[in-house]
Protein chains: 2
Amino acid sequence: MEEDRLRLGVHTACLVCPLRSNPAYRDFSPEELEFTRHFRSGELHAGAGSAIFHEGNQNAHLYTALSGWGFRYKTLSDGRRQILNYILPGDMIGLQGAIFEEMNHSVEALTEMRLCVFERKPLYSLFEKHPGLGYDLTWIAAQEESILDEHLLSVGQRTAIERAAYLLAFLHHRGRASGVLTSERTLMPLTQAHVADTLGLSIVHTNKTLRKLALSGALRWLDRGCEVLDPDALQRLAKWTPNDQRRRPFL
Amino acid sequence: MEEDRLRLGVHTACLVCPLRSNPAYRDFSPEELEFTRHFRSGELHAGAGSAIFHEGNQNAHLYTALSGWGFRYKTLSDGRRQILNYILPGDMIGLQGAIFEEMNHSVEALTEMRLCVFERKPLYSLFEKHPGLGYDLTWIAAQEESILDEHLLSVGQRTAIERAAYLLAFLHHRGRASGVLTSERTLMPLTQAHVADTLGLSIVHTNKTLRKLALSGALRWLDRGCEVLDPDALQRLAKWTPNDQRRRPFL
DNA sequence: CGGATTCTTGAGGTACCTCAAGTGCGGTGG
DNA sequence: CCACCGCACTTGAGGTACCTCAAGAATCCG
């Protein structure tokens with residue numbers, strides 16, 4: 001089973017959290033750090049392609065991605081799948097599940113991932129003891145909402161070419177901001193099937209659309225992923241500009 | 001100007017808030033009620049069709065709808081419009097704007113609306129002084145996210161008929177839960193242009209699709225709105241079931 | 001080396017789109 | 001009171017951006 005590929009790691013301190021070194025994130029007070037350390041219950045490794053949790057699950061945990069790529073999706077009863085958003089380092093997974101009873105979407109790892117695991121029970125005490133962290137959670141939820149707004153605009157109104165350009169510009173932007181993409185590591189680990197299910201297009205048409213974009217020189221499609229060569233061109237095509245967030249919170 | 005139709009009302013107490021009588025909402029402690037009263041800065045009346053705020057605005061306020069219908073939308077530079085979600089009594093408007101600098105969507109009134117106005121500045125002190133209310137805000141943001149997930153699934157994967165069925169079942173459900181729809185008041189005040197811009201379809205095709213639904217007896221289209229006759233049939237068509245939330249928070 | 005997965009391409013079909021015209025209603029003003 | 005205008009809704013005809021089906025090439029993995 002896929003579960004085999006999930007494996008619980010050792011309990012290491014938040015002090016050495018690999019995300020903290022990224023200047024994109026806001027600093028914690030010592031008290032907040034201490035609280036987070038208690039709230040945290042371990043680390044999880046998920047293999048590429050493994051399910052982290054499934055729609056309908058009642059999961060006792062809450063995660064923050066430490067490394068790797070993943071995605072959230074929903075399916076209809078006959079199997080049609082819509083990818084809702086991608087998970088990158090620093091992103092929180094399972095907030096909906098922590099607040100409502102059930103998860104109403106699924107999450108799958110795209111590459112190998114390392115996740116920081118939190119108990120969902122003490123969530124309320126986080127609001128009581130550390131209003132700053134509570135505020136951050138609202139910030140995170142509002143941010144996700146804002147991204148979904150843009151995706152909905154994309155799927156509802158943009159043409160196939162515009163949608164593809166938007167998605168790749170968006171992922172490139174987020175990849176750079178989160179640190180998974182650098183000038184050396186430029187590969188975004190998607191298959192064309194993922195792109196298709198994100199854009200609401202068939203695989204065939206997605207392929208033809210990506211081909212056009214590659215022909216224009218804006219990107220290169222490699223074996224199992226792609227490389228953005230000209231993010232500005234993609235943004236112009238999609239009529240989209242990222243809104244930069246300096247010092248975003250996390251956890 | 002549209003602004004003419006916006007008018008500030010008198011400052012009345014939260015104690016008589018028309019929403020509190022609805023058992024769907026959770027009760028406040030006396031302290032929370034007292035705080036809310038201070039946080040609140042007035043009441044706003046918006047005429048049907050008026051803009052409540054616009055993408056890019058830096059709005060100092062935060063609203064909760066008290067009565068009427070409205071909607072959130074985004075547009076592309078060439079005018080294509082995507083309706084993201086509808087605003088019903090009890091819904092919060094402008095949380096994104098309160099947390100980030102700018103609003104990245106617009107809001108328009110569908111019918112005449114009454115809105116409760118809050119200052120956005122003391123938002124942080126809300127988290128400090130009333131963790132329960134802070135938790136509620138996260139609840140609200142997570143709830144909106146969950147709705148957007150479903151909309152995205154709809155626009156990305158469902159066929160025209162399924163999308164229309166989903167939207168009307170969804171609105172009917174929310175209308176009943178919020179109290180704007182009763183067994184006497186059953187009219188949902190939309191035009192087919194709104195439905196089209198929500199579903200990502202043209203007006204013409206939307207019309208043909210709604211006609212089919214009406215023919216099947218699931219709904220009736222009236223002059224400037226529609227009436228759901230058979231919500232279960234719509235849900236079945238859309239392969240969707242609402243997830244009931246008893247005792248939701250607000251403000 | 002064989003099988004599975006991903007990507008590619010062509011051919012034909014269809015679910016949507018645009019354009020265009022016409023109906024019916026409600027409001028406004030002469 | 002009627003004439004007019006504007007908006008919402010309707011319907012038909014023709015176009016196109018997607019889709020499905022099908023088959024082949026390239027790559028990865030055991």
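In what follows, chains are A, B, ... by sequence order, proteins preceding strands, each numbered from 1. Only a predicted model underlies this, so the values are computations on that prediction, with no experimental measurement involved.
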| query | Closer than 4.0 Å, any side-chain N/O of A/Q192 to the OP1 or OP2 of C/dT8? | reply | yes
| Between C/dT8 atom P and A/L210 atom CG, what is the distance in whole Å? | 8 Å
| task | Write down the distance between CD1 (A/I203) and P (C/dT5), rounded to a whole number of angstrom. | result | 13 Å
| task | Using the six-membered ring of B/Y25, assess whether NZ or CZ of B/R248 lies under 6.0 Å from its centre and within 45 degrees of the ring axis. | result | no
| Quick one: A/H194 NE2 to C/dT5 P, roughly how many Å, whole number? | 13 Å
| task | Give the rounded distance in Å between these two atoms: NZ of B/K212 and P of D/dT11. | result | 13 Å
| said: With nearest nucleotide decided by heavy atoms, which residue, A/S202 or B/R211, maps closer to the 5′ end of DNA chain D? | reply: B/R211
| request: Look only at the side chain of B/T191 and the backbone of B/R224, and say whether a donor-acceptor pair between them is shorter than 3.5 Å. | output: no
| message | Output the rounded distance in Å from CG (A/L199) to C1' (D/dA17). | response | 15 Å
| said: If I take atom NE2 in residue A/H205 and atom C1' in nucleotide D/dA22, what distance separates them, rounded to the nearest angstrom? | reply: 19 Å
| Between B/F71 and B/H194, does the ring centre distance come in under 6.0 Å? | yes
| request: Measure from NZ or CZ of B/R158 to the centre of the six-membered ring of B/Y166 and say whether it is under 6.0 Å with the direction within 45° of the ring axis. | output: yes
| query | So which nucleotide from D/dT10, D/dA8, D/dT27 ends up closest to the side chain of B/N207? | reply | D/dT10
| message | From NZ of A/K208 over to P of D/dC19, roughly how many Å is that when rounded to an integer? | response | 10 Å
| request: Let me know the distance between CG of B/D223 and C1' of C/dG27, rounded to the nearest Å. | output: 13 Å
| query | Considering only side-chain heavy atoms of A/V204, which listed nucleotide, C/dT6, C/dA11, D/dC21, is closest? | reply | D/dC21
